[in-house]
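Keep in mind it's a predicted model, so treat the numbers as computed, not measured. The basis for the numbers below is simple: all heavy atoms, side chains too, and nothing from hydrogens, waters or symmetry mates.
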Amino acid sequence: QPNTSIWNTPYPAFNISLQGVQTVYKGGARVDYQLSPKTRLMAKFSRSTTFQPFLAGGTNSPSGTSTNYEHNREGYARLTSVLSSRAVNEIEGGEATYGFSQNSLATWTHAWYAAQGYPVGAPIITFKGFRIAPNFALPKVQDQEVWSLHDNLTYSYEAAGRHDLKVGGEFLARHALLNNRAYSTGNIDATIGLPPNLPALFPDPFNTDTWNLAAISPYVRTYSIGIGDFAANIYQKKLGAWVQDDWKRTDRLTLNLGLRYDLGFNLFANDIALLPWQAGGRPLEKLNFQPRLGFAYKLGDRTVVRGGVGLYFGDSLGSDASLPTQNGQISTVQYNNDGRPDFAANPTNGQPLPTLAQALQQYCYVKN
C-alpha cells in the first residue's frame with residue numbers, strides 16, 4: 001500500500017513529505033485428519049508481518065517519526081476423542097507470539113548509547129510553542145509468546161433427570177521481553193523561549209549530528225537522560241479449572257451449576273520492589289473461586305424464563321507487571337542548566353553518565 005506522510009509545521013523548512021510502501025504478508029495452513037472413527041486431529045499455523053517505513057506526519061518536527069515492524073504467529077492443535085457413547089474429550093494447545101519494533105529514522109553517531117550499538121535517534125526537545133518529539137522509548141522492542149494447554153471432558157448421564165457434565169482445566173505460560181529505552185536519547189526542557197532561527201539550528205531532521213544543540217542552551221532549563229537496564233523479561237503462569245453441570249431436571253426446568261477457579265503467578269510483578277510505593281514479595285491471590293448458577297424454565301410452548309448469577313474476576317493487564325519491572329531497572333537523571341554556553345550539547349560537562357546504583361542514591365526514600 002503506497003503511503004505519503006506530510007508535515008505541516010510553522011516552519012516551511014520542516015514541511016516535508018515522505019513517500020514509501022507499507023507491506024503486509026499473511027499466510028496460514030490447516031489440516032483436519034480423521035485418525036479413527038472416534039478420533040479426529042486438527043492442526044493449524046498462521047503468520048503475518050507488517051512493515052511501515054514511517055509513521056504519520058504532523059505539526060511537530062519530522063525527526064520524530066519512526067519505522068514500525070509488527071509480527072505475529074500462531075501454532076495450534078486439537079485432538080477430539082469419543083471415549084464412549086456418553087463421554088467426549090478435547091485436548092488442545094499451542095503457541096501464540098506477537099511483537100513489534102520501532103526505530104527512529106534519524107541517525108546520531110554521538111547518541112548517549114552509541115557505543116552500546118544505538119547510534120540512532122534524537123533527543124526530545126520542548127520549546128515554547130514547538131516540539132521535536134520522537135517517541136520517548138525509541139528504539140523500542142516488545143515481544144511476547146504464550147504457550148497454552150487446555151483440556152475439556154464432557155460426560156452425559158441420567159440421575160433425577162439428564163446431566164451434561166463438563167470438567168476441564170487450562171495452563172498458560174507467558175514470556176514477554178520489553179526493551180523500551182526510556183529517555184535514552186535525552187529529554188530537553190527548553191521552554192524558556194523559542195530561538196528565532198530555529199530551522200537553521202536543525203538543518204537535517206534525520207541527521208542529529210548536524211544539529212547545533214549548543215546554540216539552544218540559553219532556552220534550556222533541564223536535560224534528562226534515562227539510564228539502567230532497559231531490557232525487562234517477564235514470566236507469568238496461569239492455571240484454571242472448572243466444572244459445570246447442565247441438569248435438565250424436568251421437561252420444563254434446566255439448571256446450570258458451575259464453579260471455576262483461577263490462580264495466577266507474577267501477574268502483578270509480585271516479587272518486584274519499587275520503593276516507596278510497592279514492596280516486594282507480595283502474596284498471590286488464592287481465593288479466586290467463582291460459583292455460577294443459571295436456569296431456564298419453560299412456562300409454555302412459546303415462553304421461556306431464563307436467569308443466572310455468578311462471580312467473575314477480571315484478568316490482569318500486561319502493564320500490571322511490565323511497568324513495575326521496567327521502572328525497577330531504570331532511572332532518569334536530570335541535569336539543571338548551569339549556564340555553560342554548550343550545556344544543551346554537553347549537559348554532563350564531559351563526565352560519564354552515572355550508573356543505576358549511583359542514580360538511585362539520589363532518591364528521597366534512600367536518603368530517608
Pair Thr9-Asn15, side chain to side chain donor-acceptor pair (under 3.5 Å): steps then yes or no: CA-CA 6 Å; Thr9 77; Asn15 294 340; 2.8 Å; yes
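- Contact check for Leu201 versus Pro195: side-chain heavy atoms found under the 4.5 Å cut-off.
- At least one side-chain heavy atom of Val141 sits less than 4.5 Å from a side-chain heavy atom of Ser101.
- Of all heavy-atom pairs spanning Thr67 and Pro53, the tightest one is CG2-O, 3.4 Å.
- Hydrophobic clustering (side-chain heavy atoms under 4.5 Å, transitive across Ile, Leu, Val, Met, Phe, Trp, Tyr) groups Val220 together with Leu198.
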Test side chain to side chain contact (heavy atoms under 4.5 Å, CB included) on Asp245 and His163; report intermediate values, then the result. CA-CA 6 Å; Asp245 185 9; His163 294 259; 2.8 Å; yes
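- Taking the six-membered ring for Trp and the full ring otherwise, Phe130 and Tyr11 have centroids separated by under 6.0 Å.
- Apart from Val305 itself, the hydrophobic cluster it occupies contains Trp247, Leu253, Leu255, Leu257, Leu293, Phe295, Tyr297, Leu299, Val309, where clustering links Ile, Leu, Val, Met, Phe, Trp and Tyr at side-chain heavy-atom distances under 4.5 Å.
- For the residue pair Tyr76 and Glu95, no side-chain donor N or O sits within less than 3.5 Å of a side-chain acceptor on the partner.
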Walk me through it: do Leu35 and Leu79 pass the test side chain to side chain contact (heavy atoms under 4.5 Å, CB included)? CA-CA 10 Å; Leu35 299 172; Leu79 181 67; 4.0 Å; yes
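- Side-chain atoms of Thr109 and Asp209 form a donor-acceptor pair, as typed in the model, at a separation below 3.5 Å.
- Residues Leu165 and Gln244 have side chains not in contact (no heavy-atom distance under 4.5 Å, counting atoms from C-beta outward).
- Every residue two or more places apart in sequence or in another chain was checked for a ring pair (Phe, Tyr, Trp, His ring centres under 6.0 Å) with Tyr33, and none qualifies.
- With 3.5 Å as the limit, one finds no donor-acceptor pair spanning the side chains of Ser156 and Arg86.
- Annotation: the span from Asn72 atom CG to Gln144 atom CD amounts to 10.5 Å, rounded to 0.5 Å.
- Between Leu263 and Asn288 the shortest side-chain heavy-atom distance does not fall below 4.5 Å.
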Residues Phe202, Trp211; criterion ring-ring contact (aromatic ring centres under 6.0 Å, His included); working and verdict: CA-CA 5 Å; Phe202 303 89; Trp211 296 6; 5.0 Å; yes
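- Between Lys166 and Asp246, no side-chain nitrogen of the basic residue sits less than 4.0 Å from a carboxylate oxygen of the acidic one, so the salt-bridge criterion is not met.
- Comment: Arg260 engages Asp262 in a salt bridge, judged by a side-chain N to carboxylate O separation of less than 4.0 angstrom.
- Taking the six-membered ring where the residue is Trp, the centroids of Tyr335 and Tyr223 are separated by 6.0 Å or more.
- The distance from the CG atom of Leu18 to the CZ atom of Phe54 is 5.5 Å, given to the nearest 0.5 Å.
- No hydrogens or angles considered: nothing links the side chains of Tyr219 and Thr191 as a donor-acceptor pair under 3.5 Å.
- Of the inter-residue distances, the one linking Gln142 atom CD with Asn180 atom CG reads 4.5 Å to the nearest 0.5 angstrom.
- Counting only residues at least two apart or in different chains, salt bridge (Lys or Arg N to Asp or Glu O under 4.0 Å) contacts with residues 132-159 are absent.
- With salt bridges taken as basic N to acidic carboxylate O contacts below 4.0 Å, one links Asp164 and Arg162.
- Judged by a 6.0 Å distance limit and a 45° cone about the ring axis, Arg181 is positioned over the six-membered ring of Tyr113.
- Distance check: Gln329 CD to Leu274 CG gives 11.0 Å after rounding to the nearest 0.5 Å.
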Could you walk me through whether Leu353 and Thr348 pass side chain to side chain contact (heavy atoms under 4.5 Å, CB included), step by step? CA-CA 7 Å; Leu353 292 174; Thr348 67; 4.0 Å; yes
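- To the nearest 0.5 Å, the span separating CD1 on Ile16 from OG on Ser5 amounts to 9.5 Å.
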Show your reasoning for whether side chain to side chain contact (heavy atoms under 4.5 Å, CB included) applies to Thr49 and Glu70. CA-CA 6 Å; Thr49 62; Glu70 300 181 39; over 6 Å; no
